[in-house]
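One structure below.
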Amino acid sequence: MSQQFDVVVIGGGPGGYVAAIRAAQLGFSTACIDATKDAVGKQSLGGTCLNVGCIPSKALLQSSENYHNAVHGFADHGINVGTVKVDIAKMLARKQDIINKNTGGIAYLFKKNKVTSFLGYGSFKARNGDKWQIEVKDGDKVEVIEATHVIIATGSKVRQLPGVAIDNQLVLDNEGALAIPAVPKKLGVIGAGVIGLEMGSVWKRLGADVTVLEAMPTFLGAADEQVAKDAFKYLTKETGLAITNGVKIGEIKVGKKDVTVNWTDAAGAEQKSVFDKLIVSIGRVPNTDGLNADAVGLKINERGQVEVDDDCRTALPNVWAIGDVIRGPMLAHKASEEGVAVAERIAGQHPHVDYNVIPWVIYTSPEIAWVGKTEQQLKAEGIDYKKGQFLFSANGRALALGEAKGFVKMLADAKTDRILGVHIVGPFASELISEAVVAMEFNASSEDIARIVHAHPSLSEALHEAALGCDKRSLHS
Ligand SMILES: Cc1cc2nc3c(=O)[nH]c(=O)nc-3n(C[C@H](O)[C@H](O)[C@H](O)COP(=O)(O)OP(=O)(O)OC[C@H]3O[C@@H](n4cnc5c(N)ncnc54)[C@H](O)[C@@H]3O)c2cc1C
């Protein structure tokens, strides 16, 4: 007889592994199936996020920033380090070590919580009474397990540029971009989204000449316009990325040692760029490959997403889906929260995920982070708002860090004073945004933040000052 589980999760990324742990905590017999293997064929849990996404990119961003600071920043502090050399092999090995620690940590958590882990591809086989039969396939090894509830957490994969195959030698996706063995002289990046900007920053800081080509006419269209404008200035002038918006990519020719990209600029002039390596980062698409969705009537919508309701339920009985494979932002923390919520719904609880208060972060230098509505959204929706803004150049801690770029902007309802959005470009924006998330989740007003004691000297004082600014009473500007 097949092994039986209350809950089987397909996919072990931040959506799936968190769902599995929470389901096990709630007393369900739980299994998680994941196909990702490391270089020696061992299971490597954690999905895109831990293996080829959030964590390795942040490891390389930190290493490259350290290098950049040693070359360009330490002298300001009176520290002369002489000739600084970069050892890419060691940098990549450190990154791999961080990945291993994280993925190993998930394996440990599975053991601790008694989650049964299966290595291989999971797919729907059939409905057997009130159970789902799930096939697990790893090479020639095939087994069938049964589950009362199935959570699909198969994540996303790279959106391919038509006509250009990714070989991860010359034309790279995120996986290749995180493993370039030597700093390329000329690096092309197609797509100025989060991944393109982060990967472009890494290799630029390490010495590559980086050109970023973006089809959209405006830079970071989803961000607050003022933040996007400031970030563009820093990323082009200080980081040194050559970013061009409004381009139309034409023919791409992959040679033996380089890649030629023909493109048309916003004015219609034809351009040609030759790169040693080309990163394609034009977004990601949901991954439903191999789930055998048709066999059981699992609905995939026109965007390739598993169709779910507001509670992540599919139309099939006891089949749920979470994370990148469904609607909503492709963010690890969104996937994890959906995982927790689904496990709790299976247990009959009534959790909720507040999609209006999900933080966004771009880990460039300076970092960019926001939560809630942008000014342009508030204007479009006809919402009357007030704003408070504070520059990091007037913040003592930022000056001491040597990171006094950017600002915090708080937007609050003109009548009720409720905070509607917070936008940050500046040092540790990724950490600072949490205060805004908590405040918004508790329906705080700008005055609530203005009346909270913030430690001095700290970057959080900039948020405090922005809150004071909503009432035109900033103390330090
Ligand atoms: C370079 C890069 C940087 C990123 N940085 C950030 C960041 O800083 N912050 C952030 O929030 N997000 C970031 N993201 C996005 C983040 O990685 C995703 O939103 C997140 O991983 C989605 O989680 P998930 O669990 O839905 O899917 P995934 O993490 O994609 O995991 C899905 C897992 O399911 C497995 N799988 C797929 N099909 C099957 C099957 N049939 N059977 C078994 N296993 C299967 C896959 O192999 C994978 O292991 C980044 C992404 C990239 C590419």
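All ligand and atom numbering here is 1-based and tracks the order in the structure. Heavy-atom basis, side chains included; hydrogens, waters and symmetry copies ignored.
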*Pick one: which of Val259, Ile252, Ile249 meets side chain to side chain contact (heavy atoms under 4.5 Å, CB included) with Val164?*
Ile252
*Provide, to 0.1 Å, the distance between atom 38 (N) of ligand 1 and the closest protein heavy atom, together with that atom's residue and name.*
Thr154 CG2, 3.3 Å
_Min heavy-atom dist Ala153 to ligand 1 below 4.0 Å_ = yes
*Any N or O of Gly46 that comes nearer than 3.5 Å to an N or O of ligand 1?*
no
*Test the Arg345-Trp320 pair against the cation-pi criterion, namely NZ or CZ under 6.0 angstrom from the six-membered ring centroid and within 45° of the ring axis.*
no
*Proximity to ligand 1 by part of Thr48, non-hydrogen separation under 4.0 Å*: both
*asked:* Quick check on contacts: which atoms of ligand 1 are under 4.0 angstrom from a heavy atom of Ser57?
replied: 3 (C)
*Is the side chain of Arg205 donor-acceptor paired with the backbone N or O of Gly200 at a distance under 3.5 Å, no angle test?*
no
_Assess whether a salt bridge exists between Glu143 and Lys137, defined as any Lys/Arg side-chain N lying under 4.0 Å from an Asp/Glu carboxylate O._
no
*Heavy atom of Asn287 under 4.0 Å from ligand 1?*
yes
*asked:* Tell me which one of Leu220, Val212, Val189, Val210 satisfies side chain to side chain contact (heavy atoms under 4.5 Å, CB included) with Ile243.
replied: Val212
*Any side-chain donor paired with an acceptor under 3.5 Å for Gln62 and Tyr67?*
no
*Once the angle between the rings of Trp370 and Trp360 is folded into 0 to 90°, is it parallel (under 30°), tilted (30 to 60°) or perpendicular (over 60°)?*
parallel
*Shortest non-hydrogen contact from Gln305 to Ile326?*
NE2-O, 3.8 Å
*Just distances here: any N/O of Ile322 and N/O of ligand 1 closer than 3.5 Å?*
no
*Under the 3.5 angstrom rule, does the side chain of Asp138 hit a backbone N or O of Lys141 as a donor-acceptor pair?*
no
*What residue and heavy atom of the protein are closest to atom 16 (C) of ligand 1, and at what distance?*
Cys54 SG, 3.8 Å
*Mark up the atoms of ligand 1 that fall under 4.0 Å of a heavy atom belonging to Ala35, in ascending order.*
43 (C), 44 (N)
*Is there any N or O on His333 that sits under 3.5 Å from an N or O of ligand 1?*
yes
_To check your reading of the model: name the closest protein heavy atom to atom 27 (O) of ligand 1, its residue, and the distance in Å._
Gly155 CA, 3.1 Å
*Taking atom types as modelled, is there a side-chain donor on Thr36 or Asn51 under 3.5 Å from an acceptor on the other?*
no
*asked:* So is Tyr363 touching ligand 1 or not, going by heavy atoms under 4.0 Å?
replied: yes
_Lys409-Gln226 side chain donor-acceptor pair, cut-off 3.5 Å_ = yes
_ligand 1 contact on Ala335 by region, counting heavy-atom pairs under 4.0 Å_ = side chain
*Taking all non-hydrogen atoms of both residues, which atom of Val158 and which atom of Val285 are closest, and how far apart?*
O-CG2, 4.1 Å
*Shortest protein contact, atom 20 (C) of ligand 1 (heavy atom only)*: Pro14 CG, 3.7 Å
*Is the backbone of Val353 close enough, under 3.5 Å, to the side chain of Glu337 for a donor and an acceptor to pair up by distance?*
no
*With under 30° as parallel and over 60° as perpendicular, where do the rings of His149 and Phe28 fit, or are they tilted in between?*
tilted
*asked:* Please tell me whether Thr211 and Lys186 have a donor and an acceptor in their side chains that are separated by less than 3.5 angstrom.
replied: no
*With atoms numbered from 1 as shown, which atoms in ligand 1 lie under 4.0 angstrom from a non-hydrogen atom of Asp34?*
33 (C), 34 (O), 35 (C), 43 (C), 44 (N), 46 (C), 48 (C), 49 (O)
*Using a 4.0 Å heavy-atom threshold (strictly under), name the region of Met199 that reaches ligand 1: side chain, backbone, both or neither.*
neither
*Between Ser430 and Glu367, is any side-chain donor less than 3.5 angstrom from a side-chain acceptor?*
yes
_Atom indices of ligand 1 within 4.0 angstrom of Cys49 heavy atoms, with elements_ = 17 (O), 21 (O), 29 (O)
*Take every heavy atom of Lys58, measure it against each atom of ligand 1, and state whether any distance is under 4.0 Å.*
yes
*Would you please determine whether Val52 falls within less than 4.0 Å of ligand 1 on a heavy-atom basis?*
yes
*Among protein heavy atoms, which sits nearest to atom 2 (C) of ligand 1, and what does the distance come to when rounded to 0.1 Å?*
Gly53 CA, 3.4 Å
_Below 4.0 Å, non-hydrogen atoms only: which portion of Lys334 touches ligand 1? Side chain, backbone, both or neither._
neither
*When you measure from atom 41 (N) of ligand 1 to every protein heavy atom, which one gives the shortest distance, and what is it?*
Gly122 O, 3.0 Å
*Can any side-chain N or O of Asn168 pair as donor or acceptor with the backbone N or O of Asp173 at less than 3.5 Å?*
yes
*Determine whether the side chain, the backbone, both or neither of Ile195 has a heavy atom under 4.0 Å from any heavy atom of ligand 1.*
side chain
*What atoms of ligand 1 come within less than 4.0 Å of a heavy atom belonging to Gly323?*
26 (O)
*Thr36 N/O under 3.5 Å from ligand 1 N/O*: yes
*In ligand 1, which numbered atoms sit nearer than 4.0 Å to a non-hydrogen atom of Gly120?*
42 (N), 43 (C)
*Go through ligand 1 atom by atom and flag the ones less than 4.0 Å from a non-hydrogen atom of Asn174.*
1 (C), 53 (C)
*Count the heavy atoms belonging to other residues, nucleotides or ligands that lie under 6.0 Å from CG of Asp354, then report whether that count exceeds 12.*
yes
_Protein heavy atom at shortest distance from atom 18 (C) of ligand 1_ = Asp324 OD2, 3.3 Å
*Of the protein's non-hydrogen atoms, which lies at the shortest distance from atom 15 (C) of ligand 1, and what is that distance?*
Met330 O, 3.8 Å
*Those atoms of ligand 1 less than 4.0 Å from some heavy atom in Gly47*: 29 (O), 31 (O), 48 (C), 49 (O)
_Min N/O separation Ala332 to ligand 1 under 3.5 Å_ = yes
